[in-house]
Amino acid sequence: MIEYVFLLLGVILMITGSIGVLRFPDVYTRLHASTKCDTGGAMSILIALTIVAEAPMLIKVKFLILAFLIAMINPMIAHAIARGAHKSGVEPEGIIDIYARDGF
Amino acid sequence: MSRIPLYLKERIEEVNKRALLDSFESQKLPRWEKTAITWFALMIFWMVVSASFHWQNILIGSIVTFIVSLLMYDMFTGDIQSSGNVVIKTLRILLLYIPQYIFIMAFRLLESNLKVMKHAIFLDINPGIVKIDSDLHSQTGLTILANSITLTPGTMTIDTVRKLDESKLYVHWIDVETMDRDKAGSMIKGDIEEWLKNIFW
């Protein structure tokens with residue numbers, strides 16, 4: 001029963017991330033939507049698979065290792081994209097930009 | 001300080017810098033403890049990935065991971081603080097700190113997903129990039145802090161600046177509430193930095 005809750009949560013989070021990517025105004029705010037919702041959605045779908053899969057315990061732990069790797073790697077990719085966008089001159093919308101003011 | 005000649009002042013600053021570096025170096029673990037921790041972590045990873053308890057499997061795995069940990073001992077564990085016995089330290093990290101961190105971050109991640117959902121539907125955003133200070137000085141600790149900030153609600157790290165005695169983070173905040181550096185730091189970092197100070201220097 002609880003695996004359906006996790007699967008539904010994952011699907012809803014993925015759809016929300018896609019809506020956010022379409023609606024937000026610039027690169028940085030779009031990265032917010034894609035990073036957080038992808039991480040949460042993929043991790044909850046993997047937890048649901050861990051509960052459902054008919055396999056020995058050590059095979060199930062591999063799903064958890066995948067979830068751990070996703071949680072480690074996704075923020076780094078967002079960090080790299082945001083820094084690269086700022087270095088190549090994409091101006092962020094908003095009220096303050098201390099990163100440009102400090103001369104990077 | 002203004003009465004000191006210029007060459008003496010530079011010399012004093014250099015000595016201070018070296019003393020700070022030495023105090024950081026003395027907090028590191030000795031070499032065989034680093035090797036042992038790396039071997040232990042690699043061995044657990046090997047057992048989970050290969051998924052078999054045959055004795056040949058365990059023998060091959062222990063030999064290969066021992067060679068790798070002799071070569072790579074400084075890579076993962078070079079930034080761990082030294083305090084107390086190594087076995088107690090490893091057990092405390094594995095059984096207390098890591099479950100605590102996973103428990104904190106799971107609820108933070110759920111909260112941040114719900115917050116992005118709210119922002120995507122109502123579009124009530126007020127973005128900006130702010131600068132905060134951090135008390136962590138090691139590379140691994142700063143990396144984990146930046147990743148955690150990216151996964152907590154409403155914030156995303158853009159760049160980190162690490163010097164010998166001060167480290168700064170540039171954070172993109174989707175709904176800027178305050179420009180003050182200390183207040184913004186305590187609002188963004190929360191209790192994650194206190195947790196990370198238990199392990200890294």
Checklist line | Which of B:S148, B:A106, B:G128 touches chain A most, by non-hydrogen pairs under 4.5 Å | finding: B:G128
Item checked: Heavy-atom proximity to chain B below 4.5 Å, by part of A:L22 -> neither
Item checked: Side chain / backbone / both / neither for B:M47 at chain A, heavy atoms under 4.5 Å -> backbone
Margin query: Given heavy-atom pairs under 4.5 angstrom as the criterion, report whether the side chain, backbone, both or neither of B:L123 touches chain A.
Written below: side chain
Next item on the list: Select, from A:A80, A:A33, A:C37, the one with the greatest count of heavy-atom pairs under 4.5 Å involving chain B.
Entry: A:C37
Checklist line | Choice from B:V176, B:I121, B:T155 maximising heavy atom contacts with chain A below 4.5 Å | finding: B:T155
Next item on the list: Count the heavy atoms belonging to other residues, nucleotides or ligands that lie under 6.0 Å from CE of B:M72, then report whether that count exceeds 12.
Entry: no
Note to self: What part of B:L114 gets within 4.5 angstrom of chain A, counting heavy atoms only: side chain, backbone, both, or neither?
What the structure shows: neither
Check: Roughly how far, to the nearest 0.5 Å, is the CD atom of A:E93 from the CG atom of B:N126?
Finding: 11.5 Å
Next item on the list: Measure B:T152 against the heavy atoms of chain A and call it side chain, backbone, both or neither at under 4.5 Å.
Entry: backbone
Check: About how many Å separate CG of B:N113 and CG of A:D38, when rounded to the nearest 0.5 Å?
Finding: 9.5 Å
Margin query: Quick one: does any side-chain atom of A:K62 pair with a main-chain N or O of B:V49 as donor and acceptor, under 3.5 Å?
Written below: yes
Check: How many angstroms lie between CE in B:M105 and OG1 in A:T39, if you round to the nearest 0.5 Å?
Finding: 9.5 Å
Checklist line | A:H86 versus chain B, the contacting section by heavy-atom distance below 4.5 Å | finding: side chain
Notebook entry, point to check: chain B heavy atoms under 4.5 Å from A:M57: which part of the residue, side chain, backbone, both or neither?
Noted result: neither
Check: Between B:W173, B:Y170, B:F45, which shows the greatest number of heavy-atom pairs under 4.5 Å with chain A?
Finding: B:Y170
Margin query: For a 4.5 angstrom cut-off between non-hydrogen side-chain atoms, does A:T29 reach B:H119?
Written below: no
Next item on the list: Compare every heavy atom of B:T150 with every heavy atom of A:K36, then report the nearest pair and how far apart it is.
Entry: CE-O, 3.0 Å
